[in-house]
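Before any comments, here is the structure.
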Amino acid sequence: MKMHIRSILSSYLTRKPISKSPIFRSLGQNHFFTSSTSRSNQVITCKAAVCWGAGEAVKVEEIQVEPPKSSEVRVKMMYASICHTDILCCSGFPLPLFPKVPGHEGVGMMESVGENVIALKEGDLVIPTYLGECGECENCKSGKTNLCLEHPLTLNGLMLDGTSRMSIRGQRLYHLFSCSTWAEYMVVNANYLVKIDSRIALSEASFLSCGFSTGYGAAWKAAKVEKGSSVLEGARNQGAARIIGIDKNERRCEMGKNFGMTDFINPSKSNKPISELVRELTRGEGVDYSFECSGIQSLINEVLQPTKVGKGMLIVIGAGNNASMDINFLTLLLGRTIKGCIFGGIKVQSDIPLLVNKCINKVIEGAQNQGAARIHRQK
């Protein structure tokens, strides 16, 4: 079965779990819950979505997944979802490594464990993370970043020993970052997994492995939004008084309200630049925080300019294909800040269990039917 990249993007826009989206329908639900017998020393033949080249169709293929080596585990995927970054990686971002099995959002069960893995065991419910957290390196101890030096973001599509655990007809397959969730089984270094409470809904757990956590964390961890602030995009749970959403898709307006959005701007309905529309809405004051989620180069200045003089901050969340961009020098010189973040500044071992607990206790409540999630203000 072949599926063009636009079909994947369509599924992403509705935030459907991949196990229920068109790309995985040919696998059949039974493939996700087959034998429970551990095959820790065996090569597993299973199905996966394979991208053969930049811009090419993604094809569901039979692949081979090797047993885990030292410090590694093999995970049986139970749910996976599609992130904007997966779409970019299928077009060659950040490196044109093909063929590859995409996917970095998901949740699965530990199928087998390699040597020197202590904190995880067969049967544990886990979500993959493309970052690690050792808790001991300079960055982990600083309290300023979630980018661990001991277990960093990997971009070469391979395991830490420079090899892959997946192949197709004898040809090496590249992973996506530390994992490949668009497969029935995957091998991951144990330092890039988080064990989670099994009471959480699998669909919600899948989104916590990147998409939701990135947006939620950007306001919570990266920007540290204060109570009463005005922002572009979300931050309700941090006490933001005014939240302005910007999108050309009118369907996102209703979705945004579930996140606590108070105002909505559709720039396609006006000839004015976004920055001017935001200033009009805020009576010329601008906003305290702005979050750019699309990765589109031209929008960086547009969402930096309406932040407040002297203290406004832009958090860049979305990945894009452009390696560099032009910034309005005067806008930046007038005391505004641009800050990039990976995974919303979330520390994977310290913070993800907190988000899981919020989901279980309905502080964060999934709303899969609406393609969004509702955030309830904490009492």
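A salt bridge does not link Lys69 with Glu115: every distance from a Lys NZ or Arg NE/NH1/NH2 to an Asp or Glu carboxylate oxygen is 4.0 Å or more. Electrostatic pairing of Arg74 and Glu122 does not count as a salt bridge here, judged by no charged N lying under 4.0 Å from a carboxylate O. Salt bridge annotation for Lys141-Glu136: present, with a cationic side-chain nitrogen under 4.0 angstrom from a carboxylate oxygen. A salt bridge is defined here as a Lys NZ or Arg NE, NH1 or NH2 lying under 4.0 Å from an Asp or Glu carboxylate O, and Glu285 with Arg279 fails to meet this definition.
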Side chain to side chain contact (heavy atoms under 4.5 Å, CB included) for Val278 and Glu302? Distances and angles first, verdict last. CA-CA 10 Å; Val278 174; Glu302 279 297 310; over 6 Å; no

Derivation of the side chain to side chain donor-acceptor pair (under 3.5 Å) call for Ser70 and Asn116: CA-CA 6 Å; Ser70 178; Asn116 301 316; 2.7 Å; yes

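In this structure, Phe212 has its ring center at least 6.0 angstrom away from the ring center of Phe207.
Atom CG of Leu95 and atom CG of Asn156 lie 8.5 Å apart (nearest 0.5 Å). Rounding to the nearest 0.5 Å gives a distance of 12.5 Å between SG of Cys341 and NZ of Lys221. Taking OG from Ser91 and CD from Glu56, the interatomic distance works out to 12.5 Å, rounded to the nearest 0.5 Å.
Leu299 and Leu88 sit in two unconnected hydrophobic clusters of ILVMFWY residues. Membership requires side-chain heavy atoms under 4.5 Å apart, directly or through other members. Val101 and Leu160 fall into different hydrophobic clusters, where Ile, Leu, Val, Met, Phe, Trp and Tyr are joined by side-chain heavy atoms under 4.5 Å apart, directly or via other members.
Among all heavy-atom pairs drawn from Gly345 and Asp351, the shortest one is O-OD2, 4.4 Å. In terms of heavy-atom proximity, Ala49 sits nearest to Val58 at CB-CG1, 3.7 Å. Listed here is the closest heavy atom pair of Val188 and Ser178: CG1-O, 3.6 Å. Taking each heavy atom of Cys51 and Cys90 in turn, the nearest pair found is SG-O, 3.7 Å. Heavy-atom minimum distance, Ala190 versus Val73: CB-CG1, 4.3 Å.
Side-chain atoms of Asn249 and Asp247 include no donor-acceptor pair closer than 3.5 Å.
Within the 4.5 Å cutoff, side-chain heavy atoms of Glu61 are placed close to those of Lys59. Ile338 places a side-chain heavy atom less than 4.5 Å from the side chain of Leu332. Using a 4.5 Å heavy-atom cutoff, the side chains of Glu133 and Cys140 are in contact.
Residue-environment remark: CD (Glu138) stays at or below the threshold of 12 foreign heavy atoms within 6.0 Å. Residue Ile342 qualifies as open at atom CD1: its count of foreign heavy atoms under 6.0 Å is 12 or below. Taking a 6.0 Å sphere around CG of Leu333, one finds it holds more than 12 heavy atoms contributed by other residues, nucleotides or ligands.
With Arg252 as the fixed residue, the side-chain contact (heavy atoms from CB on, under 4.5 Å) test singles out one of Glu250, Lys248, Met255: Met255. None of Tyr192, Phe93, Tyr130 except one satisfies the ring-ring contact (aromatic ring centres under 6.0 Å, His included) rule with Phe177; the exception is Tyr130. Arg165 pairs in a side-chain hydrogen bond (donor to acceptor under 3.5 Å, both in side chains) with only one of the listed residues (Glu66, Glu72, His175), which is Glu72. Test Cys210, Ser209, Ser206, Cys179 against Ile127 for side-chain contact (heavy atoms from CB on, under 4.5 Å) and you get one pass: Ser209.
Ser270 places a side-chain N or O within donor-acceptor distance of the main-chain N or O of Lys272, the cut-off being under 3.5 Å.
For residues 323-347, every residue pair satisfying the side chain to side chain donor-acceptor pair (under 3.5 Å) rule, not counting sequence neighbours, is listed here: Thr307-Arg336, Asn328-Thr331.
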